[in-house]
Amino acid sequence: MAKYVFNAWYAVATSEDVRAELLSRTLLEESIVLFRTEDGIVRALIDRCTHRFAPLSQGRLCADRVVCPYHGMEYDWSGKCVRIPGQDRIPAQARVKSFPVLERYGLIFVWMGDPDLADPALLVDISQYSSPQWGISRCYSKFGCNWRLITDNLIDPAHTTFVHQRTIGNDAGADIPLNSELIGEGTVSCGRWINNSAPVPIVKRFANPAGNVDRWQFYYVRAPATCWVDFGCLPTGTEHTAEEQAHAPYRVISYAFLTPINESATHYFSFQLRNVAAKDVVVTQEFERLYLATFEEDRVLLEQIQRAEDANPNLKPMYIASDSGVARLRRLVDKQLQEQ
Ligand code: FES
Ligand SMILES: [Fe+2]
């Protein structure tokens, strides 16, 4: 089975990271060089000169051309060589691979698979993004573990009760069953309502409801590795309808775009859309701190699990009732890995 799903959009940088200079990033075990040409568009080429394989990212960007640091061969943004110092003829094979790029949601997405399949419509559509009712906070982490340990974690609401008591969890959810389902062809959801319980710390901090709440936590993963968590609460007794959820006193939809660097390291780009204090810069900073701290709790645990798996390659996980989302997602991604 392949290690990665190649035909997918993968986040590799924030929009701010990519300027009119060369930036190296690694994904799916391939190094690429990113840069912004004078028209403002982000480009991606393989980070390896055709001549003697010097990393192009160590060279310079000059009038939209990437100049190799070793013998000065120059490539345009499409990867075609346009100058070889000391000779006039440019052979047809003097071309580096380029990759489709999409800039959206303040992130740069790259498509490493078949370029003919790189349809922008395949990136998740986020209707709340850019709406003035929703504030946005952002974080980035690098996890020292396989990407599939993180997708397991992000289709698994059960762990919040035990791992995230300081922010998004409390004891109330421990024994409440989860429902998972396959949505369309490529998305798994897993979630539940936790009714008539005390608000979790982050809700207390930002919405401070007067009494108990009915809290929902619905986790989604669009295979292979686009994840979001819809999390919010209603005063206990309110009907559980989409209409009420749209006007909830507290709701956060947290997106995570996971990008395998290699088998044991993963880029974790994330942002949270919140319906409280949308314009408040201090609240944005506090969200960034809180969510980064929450992801750190996951990172520490998942890296320990990775070490346990590495030391015991024959281990097989034992499934329990709360794993229905994990099992569904594993089957779906295995299928993608086998069929590509
Ligand atoms: S390695 Fe790039 S020009 Fe020689
Ligand atoms: Fe978590």
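Both ligands and their constituent atoms are indexed starting at 1 by order of listing.
- If you take CG on Leu102 and CH2 on Trp111, they are separated by 10.0 Å, rounding to the nearest 0.5 Å.
- Note on ring orientation: taking the six-membered ring where Trp is involved, the planes of Tyr220 and Trp228 are parallel (angle under 30°, cut-offs 30° and 60°).
- Relative orientation of the Trp193 and Phe218 rings is perpendicular, given thresholds of 30° and 60° on the angle between their planes.
- For atom 2 (Fe) of ligand 1, the set of protein N/O/S atoms nearer than 2.8 Å consists of Cys49 SG, Cys68 SG, ordered by chain and number.
- Under the 30°/60° scheme for interplanar angles, the aromatic rings of His51 and Tyr70 are found to be tilted.
- Taking the six-membered ring for Trp and the full ring otherwise, the centers of Tyr255 and Tyr129 sit at least 6.0 Å from each other.
- By the criterion of a separation under 2.8 Å, the protein N/O/S atoms near the Fe ion (ligand 2) amount to His159 NE2, His164 NE2, Asp298 OD1, Asp298 OD2.
- A side-chain contact (heavy atoms from CB on, under 4.5 Å) with Val213 is found for exactly one of Pro249, Cys233, Pro235, namely Cys233.
- The aromatic rings of Phe271 and Phe257 are tilted relative to each other, their planes meeting at an angle between 30° and 60°.
- Classification of the Tyr140-Phe269 ring pair by plane angle, with boundaries at 30° and 60°, yields tilted.
- The 12-atom threshold is not exceeded at CD of Glu185, counting heavy atoms of other residues, nucleotides or ligands nearer than 6.0 Å.
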